[in-house]
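A short write-up of the structure that comes next.
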Amino acid sequence: MRSERVSRPGHEARAGQAETDQDQTGEAVHVSGSLIAMFETGRRIPHPDTARRLDELLETGELIGRMAAEARRDAQPRWFRPWAEVEREATSLRCFQPVIIPGLLQTEAYARAALASGLLVPDRVDEHVAFRLERQALLDRAEPPLTTFVIDEAALRRGDPTVMKEQLLHLAEVGLRTRVLVHVVPYGAGPYIGQSGAFTLAEAAGGEHLAFLEDQLEGRVVADPKQVSALERAWEAVRAVALPRDQSRDLILKQVNEL
């Protein structure tokens, strides 16, 4: 039996008008009409910049931006939510990454490439990219936390050359900010304790010291003082083999020129 699509009178006209409106809205905020349709049906969440432009266009204050931020928080992995709260309230952050650029420093293209290389479906990749970019807003505050990053040189050399060039230039630019310190552990440092894995340390507003560890399955907040103290000692050992700030920037820019 052959089935036929039956439409009510005027249905095609209304659908066509909706598509026209979506195309016009999309053009005004620099995205496609089909993406606007996905926003409207909840299949996609606007990136922070897109949400801001929609609020300006539709004169909705910050409503769309707030709704999008809430949707991204709901979409993020449950195991990361406690650390996301710590990160937002921290007065200082110290992050070590031996194989990848830290999330707080990633460009959109780099974040997308990193997340797409795993097991996430495309829509989930978009959600995670948007959340990762939103996290970076803490570095743009009037009084951001003091953030120190130590990155192994290996992380500067892994990735598509076009994506990496943009990413490394971003690293060099962010590293010039007053309260952002970027250091690189050069290949010449040889074996060191940081090769055991990535970790992040945070000092909360109340003075509490916390840490975050992540593996292939999930991540966890470390609050036990003895374990945090052990990670702080590991940080000092890692920091000791990293290059000073200016020399690290020179190494980053040298890698840009080699791409």
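Values below: all heavy atoms of this structure, side chains included; hydrogens, waters and symmetry mates excluded. Counting begins at 1 with the first residue of the sequence. All values derive from a computational prediction rather than experimental measurement.
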For the pair [X] (side chain) and [Y] (backbone), establish whether a donor and an acceptor sit closer than 3.5 Å, ignoring hydrogens and angles.
{"X": "Q167", "Y": "L105", "answer": "yes"}
{"X": "Q106", "Y": "I101", "answer": "yes"}
{"X": "R220", "Y": "L213", "answer": "no"}

Looking at E56, I'd like to know if its CD atom is crowded, meaning that more than 12 non-hydrogen atoms belonging to other residues, nucleotides or ligands lie closer than 6.0 Å.
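Enclosed: over 12 neighbouring heavy atoms sit under 6.0 Å from CD of E56.
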So with a 6.0 Å cut-off around CD of E232, is the heavy-atom count from everything else above 12?
yes
Does any pair with a residue in residues 208-251 pass ring pair (Phe, Tyr, Trp, His ring centres under 6.0 Å), and if so which ones, sequence neighbours excluded?
F80-F212, W83-F212
Qualifying residues under side chain to side chain donor-acceptor pair (under 3.5 Å), relative to [X], sequence neighbours excluded:
{"X": "S229", "answer": "R233"}
{"X": "H170", "answer": "none"}
{"X": "E166", "answer": "none"}

For A113, all residues meeting side-chain contact (heavy atoms from CB on, under 4.5 Å), sequence neighbours excluded
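Result, side-chain contact (heavy atoms from CB on, under 4.5 Å) vs A113: none returned.
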Applying the side chain to side chain contact (heavy atoms under 4.5 Å, CB included) criterion to V174, which one of T147, V180, L104 satisfies it?
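Exactly one pass, corresponding to V180.
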Side-chain contact test, heavy atoms from C-beta onward, threshold under 4.5 Å: evaluate it for [X] versus [Y] and give yes or no.
{"X": "I252", "Y": "V182", "value": "yes"}
{"X": "E153", "Y": "V185", "value": "no"}
{"X": "H128", "Y": "V125", "value": "no"}
{"X": "E27", "Y": "Q24", "value": "no"}

Which pair of heavy atoms, one from A114 and one from I100, lies closest together, and at what distance?
CB-CD1, 4.0 Å
What's the shortest heavy-atom distance between P145 and A90, and which atoms?
CB-O, 3.4 Å
Scan for side-chain hydrogen bond (donor to acceptor under 3.5 Å, both in side chains) pairs involving residues 243-259, sequence neighbours excluded, and state none if there are none.
R157-Q255
Under a 4.0 Å N-O cut-off, is there an ion pair linking [X] with [Y]?
{"X": "E85", "Y": "R81", "answer": "no"}
{"X": "D126", "Y": "R112", "answer": "yes"}
{"X": "D152", "Y": "R158", "answer": "no"}

